K.L.:
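Would you mind keeping the following structure in view while I ask a few things?
We use all heavy atoms of the structure for the numbers below, so side chains are in, but hydrogens, waters and symmetry mates are not. None of these values were measured; they are calculated from a predicted model. Naming: A, B, ... by sequence-line order, numbering from 1 per chain.
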Amino acid sequence: MSNNVRVRFAPSPTGGLHIGGVRTALFGYLFAKQNKGSFILRVEDTDQTRFVEGAEEYIVETLNWCGIIPDESPQNGGEYGPYRQSERKADYRKYAEQLVESGNAYYAFDTPEELTAMREKYKTKENPSPQYDKNTRTKMKNSLTLSEAEVKDLLDQNTPHVIRIKVPANEQIQFTDIIRGDIENDSNLLDDKVLLKGDGMPTYHLAVVVDDYLMKVSHVFRGEEWLPSAPIHVLLWKYLGWEKDAPDWAHLPLILKPDGNGKLSKRDGARLGFPVFSLQWEDNKGFKELGFLPDAFINLLAVLGWNDGTEEEIFSMEDLLEKFDVKRINKAGAKFSYEKAVWYNAEWVKRASVDSLLPAIKKELAAAGIVADNKKIKIVLAMVQERISLLPEAVKEMDYFFRKPVQVDTETINKKWSEQHTAFYNELKTIWADTEWTKENLETSFKELISKHEMKMGAVMLPFRIMLVGGKFGPGVFDIASFLGKEEVLERVLVNS
RNA sequence: GCCGCGUUCGUCUAACGGUUAGGACGCCAGGUUUUCAUCCUGGUAAUAGGGGUUCGAUUCCCCUACGUGGUACCA
């Protein structure tokens with residue numbers, strides 16, 4: 001027994017971890033670390049039919065990318081392992097049977113067909129989905145209705161069966177949620193949830209309680225979708241005799257779809273054209289692949305349902321560790337906004353150092369076939385950094401610094417072109433061929449030539465820019481020209497005329 | 001259907017029961033940049049409805065509506 005804070009993140013390896021899951025991990029992690037406690041990764045792989053190869057590794061990589069590093073996990077072990085529920089199978093049966101012995105659970109031998117038959121039989125328009133509960137369990141095939149000998153017989157013959165909790169009648173089940181306060185449920189409305197499945201695996205309900213107890217978990221952070229089954233868990237903590245060790249619960253508000261209604265799901269990304277995964281999962285690009293910085297990702301996740309009460313919106317992991325407060329987590333679900341997410345990334349890109357951006361930018365450039373040495377990339381990056389919100393945009397912003405523009409907006413150039421222009425640029429090339437190549441010299445000589453030809457600044461500047469970069473974009477022309485160098489600039493000017 | 005949870009600008013949100021209801025994203029306009037983006041300035045837009053309680057309700061209570069979650073041998 002200790003007062004140590006221990007928080008677990010317990011995902012199921014049924015596919016990619018979406019942003020809701022990562023936020024749950026983040027909040028739990030922040031809370032654990034603020035209290036000098038432990039953060040634990042436990043893999044809830046009790047549903048063998050939904051198990052997905054590679055999902056566990058994916059979860060670990062995601063957490064790693066986000067900087068949410070578990071103190072205990074299947075990979076790194078810990079004092080309370082194993083950390084995969086499939087490897088703890090024996091425990092669950094033991095506790096389930098303990099519950100049967102104490103009269104708080106019972107064996108049920110109903111087949112799936114019999115269950116659907118029951119639901120059909122008792123279905124009414126007022127009650128479209130009858131539960132296996134205090135009313136119906138007396139009519140089913142279980143150790144409450146069968147004689148002791150019959151049950152023993154069935155068990156001896158290895159008849160498929162489950163163990164169900166025996167929910168008591170007429171009780172008010174109360175617990176306190178960190179975010180929502182006191183919550184009360186009428187036990188008459190609860191059903192006899194399956195605790196141990198026919199395959200010997202526990203359901204979530206049994207497994208969380210047993211593992212949270214065995215792993216000495218002190219605080220549970222999970223999605224709001226668990227609120228309705230929390231009273232079952234409360235009952236289980238009590239029946240197992242662990243009431244005084246029960247954790248505090250914090251049911252996080254849901255992250256909702258940006259369009260219509262409903263909670264965000266793994267499939268929404270593909271449908272709506274924005275990422276729901278942190279890293280690429282199957283064909284779905286993640287935030288990372290789309291060019292998000294981990295800092296920005298953490299930031300945007302943190303403010304989805306939380307704020308510090310001030311007008312500050314930019315938080316690093318360090319800031320969050322200091323300022324995060326579970327008491328300020330919102331109750332209402334939040335619609336996810338990809339536009340705001342992109343804005344957060346732009347903010348983080350602007351704040352990042354050129355050096356920290358370099359590796360990722362280099363990768364983007366290389367993928368586009370642009371290879372250059374670090375020193376040059378850094379010079380250019382410093383020039384265009386504030387124009388980039390998503391990392392892949394760096395390619396468009398930096399491309400013309402390293403090779404001649406492929407697409408040139410000749411239409412704009414030609415529109416106002418005249419003999420005078422040709423003369424101007426020809427003379428410019430001649431002058432520049434003998435000019436010492438500094439930004440200041442270029443700018444001065446360019447402007448002198450404009451007055452000599454009595455032309456308008458705008459009339460020559462824009463075509464010059466377009467010849468250099470290909471279009472109406474980019475930093476100051478003379479910055480670009482001085483970087484490109486004499487030879488390259490002279491090659492680009494008038495090349496199309 | 002039943003049960004739980006929720007409800008402030010389009011979106012994310014702030015506001016000891018007393019504020020011209022604040023900020024951010026987006027959008028619009030202007031300025032800077034003789035380009036574009038950044039940046040700066042301004043604008044747009046909200047307390048779901050109805051009852052209470054109170055000198056006074058965004059805030060507390062009730063009802064309704066709406067949203068959302070659950071109602072599985074899925075988590």
K.L.:
Ring centres under 6.0 Å, that's the criterion: do Phe424(A) and Phe446(A) meet it?
P.N.:
yes
K.L.:
Name all residues meeting the salt bridge (charged side-chain N to carboxylate O under 4.0 Å, His left out) criterion together with Arg180(A); count only those two or more places apart in sequence or in a different chain, and write none if there are none.
P.N.:
Glu224(A)
K.L.:
Scan residues 388-399 of chain A for pairs that pass salt bridge (Lys or Arg N to Asp or Glu O under 4.0 Å), counting only residues two or more places apart or in two chains.
P.N.:
Arg387(A)-Glu397(A), Asp399(A)-Arg403(A)
K.L.:
Nearest to the Pro228(A) side chain among rA15(B), rG70(B), rC74(B), which nucleotide is it?
P.N.:
rG70(B)
K.L.:
If you check the Ala334(A) side chain, which of rU71(B), rU13(B), rA24(B) turns out closest?
P.N.:
rU13(B)
K.L.:
Whole angstrom is fine here: how far is it from CD in Gln131(A) over to P in rC73(B)?
P.N.:
11 Å
K.L.:
Please name all residues satisfying side-chain hydrogen bond (donor to acceptor under 3.5 Å, both in side chains) with Arg465(A), sequence neighbours left out, ordered by chain then number.
P.N.:
none
K.L.:
Classify the nucleic acid contact of Glu126(A) as base, sugar-phosphate or nothing, counting any heavy atom under 4.0 Å across all strands shown.
P.N.:
base
K.L.:
Choose from rC73(B), rU71(B), rU13(B) the nucleotide whose nearest atom is closest to any side-chain atom of Ser129(A).
P.N.:
rU71(B)
K.L.:
In whole angstrom, what separates Asp186(A)'s CG from rU71(B)'s C1'?
P.N.:
15 Å
K.L.:
With sequence neighbours excluded, what pairs up with Asn135(A) under the side-chain hydrogen bond (donor to acceptor under 3.5 Å, both in side chains) test?
P.N.:
none
K.L.:
Check salt bridge (charged side-chain N to carboxylate O under 4.0 Å, His left out) between Asp479(A) and all other residues, then give those that pass, not counting sequence neighbours.
P.N.:
Lys439(A)
K.L.:
For Tyr204(A), what residues pass the ring pair (Phe, Tyr, Trp, His ring centres under 6.0 Å) criterion, not counting sequence neighbours?
P.N.:
Trp226(A), His233(A)
K.L.:
Restricting to side-chain hydrogen bond (donor to acceptor under 3.5 Å, both in side chains), what partner residues turn up for Tyr58(A), sequence neighbours left out?
P.N.:
none
K.L.:
Please classify the nucleic acid contact of Arg119(A) as base, sugar-phosphate, or nothing, using heavy-atom distances under 4.0 Å.
P.N.:
sugar-phosphate
K.L.:
What is the nucleic acid contact for Glu386(A), judged by heavy atoms within less than 4.0 Å: base, sugar-phosphate only, or nothing?
P.N.:
base
K.L.:
Have a look at Ser12(A) and say if it touches a base, only the backbone sugar-phosphate, or nothing, with a 4.0 Å heavy-atom cut-off.
P.N.:
sugar-phosphate
K.L.:
Salt bridge (charged side-chain N to carboxylate O under 4.0 Å, His left out) with Lys378(A): which residues, sequence neighbours excluded?
P.N.:
Asp355(A)
K.L.:
Looking only at atom C1', what distance separates rU58(B) and rU47(B), rounded to whole Å?
P.N.:
5 Å
K.L.:
Rounded to the Å, how far apart are Leu189(A) CG and rU71(B) P?
P.N.:
14 Å
K.L.:
Suppose we screen for salt bridge (charged side-chain N to carboxylate O under 4.0 Å, His left out). Which residues come up paired with Lys331(A), at least two apart in sequence or across chains?
P.N.:
none
K.L.:
Show the distances under 3.5 angstrom between N or O atoms of the protein and N or O atoms of nucleotides 39-47 of chain B.
P.N.:
| from | atom 1 | to | atom 2 | distance (Å) |
| --- | --- | --- | --- | --- |
| rC39(B) | OP1 | Lys350(A) | NZ | 2.7 |

K.L.:
Can you tell me if CZ on Arg267(A) sees more than 12 non-hydrogen neighbours from other groups inside 6.0 Å?
P.N.:
no
K.L.:
For the side chain of Glu311(A), counting heavy atoms from C-beta on, which of rG22(B), rC73(B), rG4(B) is nearest?
P.N.:
rG22(B)
K.L.:
Can you label the angle between the Phe175(A) ring and the Trp249(A) ring as parallel, tilted or perpendicular, going by 30° and 60°?
P.N.:
perpendicular
K.L.:
What nucleic acid atoms does Thr46(A) come within less than 4.0 Å of, heavy atoms only: base, sugar-phosphate, or nothing?
P.N.:
sugar-phosphate
K.L.:
Please pick, from rA75(B), rU71(B), rU35(B), the nucleotide with the shortest atom-to-atom distance to any side-chain atom of Glu225(A).
P.N.:
rA75(B)
K.L.:
Base, sugar-phosphate, or nothing for Gly476(A), non-hydrogen atoms under 4.0 angstrom?
P.N.:
base
K.L.:
Answer with base, sugar-phosphate or nothing: what part of the nucleic acid does Pro475(A) contact at a heavy-atom distance below 4.0 Å?
P.N.:
base
K.L.:
Would you please indicate yes or no on a ring centroid separation below 6.0 angstrom for Phe336(A) and Phe274(A)?
P.N.:
yes
K.L.:
Could you list the protein-to-nucleotides 58-61 of chain B atom pairs, N/O on both sides, closer than 3.5 Å?
P.N.:
none

K.L.:
Could you work out which one of rU71(B), rA75(B), rC73(B) sits closest to the side chain of Asp191(A)?
P.N.:
rU71(B)
K.L.:
Roughly, in whole Å, what's the span from CG in Asn142(A) to P in rC73(B)?
P.N.:
14 Å
K.L.:
Identify which nucleotide among rU11(B), rU71(B), rG26(B) has an atom closest to any side-chain atom of Glu339(A), counting heavy atoms from C-beta outward.
P.N.:
rG26(B)
K.L.:
Just to be sure I understand the rule, does Val303(A) reach a base, reach only the sugar-phosphate, or reach nothing, if contact means heavy atoms closer than 4.0 Å?
P.N.:
sugar-phosphate
K.L.:
Using atom names, set out every protein N or O paired with an N or O of nucleotides 5-8 of chain B below 3.5 Å, distance rounded to 0.1 Å.
P.N.:
| from | atom 1 | to | atom 2 | distance (Å) |
| --- | --- | --- | --- | --- |
| rC5(B) | O2' | Arg180(A) | NH1 | 2.7 |
| rC5(B) | O2' | Glu224(A) | OE2 | 2.9 |

K.L.:
Starting the side chain at C-beta, find the nucleotide from rC73(B), rA75(B), rU13(B) nearest to Arg164(A).
P.N.:
rC73(B)
K.L.:
Measuring from the side chain of Lys340(A) (C-beta onward, heavy atoms only), which nucleotide among rU35(B), rA75(B), rA24(B) has the closest atom?
P.N.:
rA24(B)
K.L.:
Using a heavy-atom cut-off of under 4.0 Å over every strand shown, decide if Asn188(A) touches base, sugar-phosphate, or nothing.
P.N.:
nothing
K.L.:
Check this one for me: any side-chain N or O of Lys263(A) less than 4.0 Å away from OP1 or OP2 of rA75(B)?
P.N.:
no
K.L.:
With heavy atoms under 4.0 Å as the rule, sort Val194(A) into base, sugar-phosphate or nothing.
P.N.:
sugar-phosphate
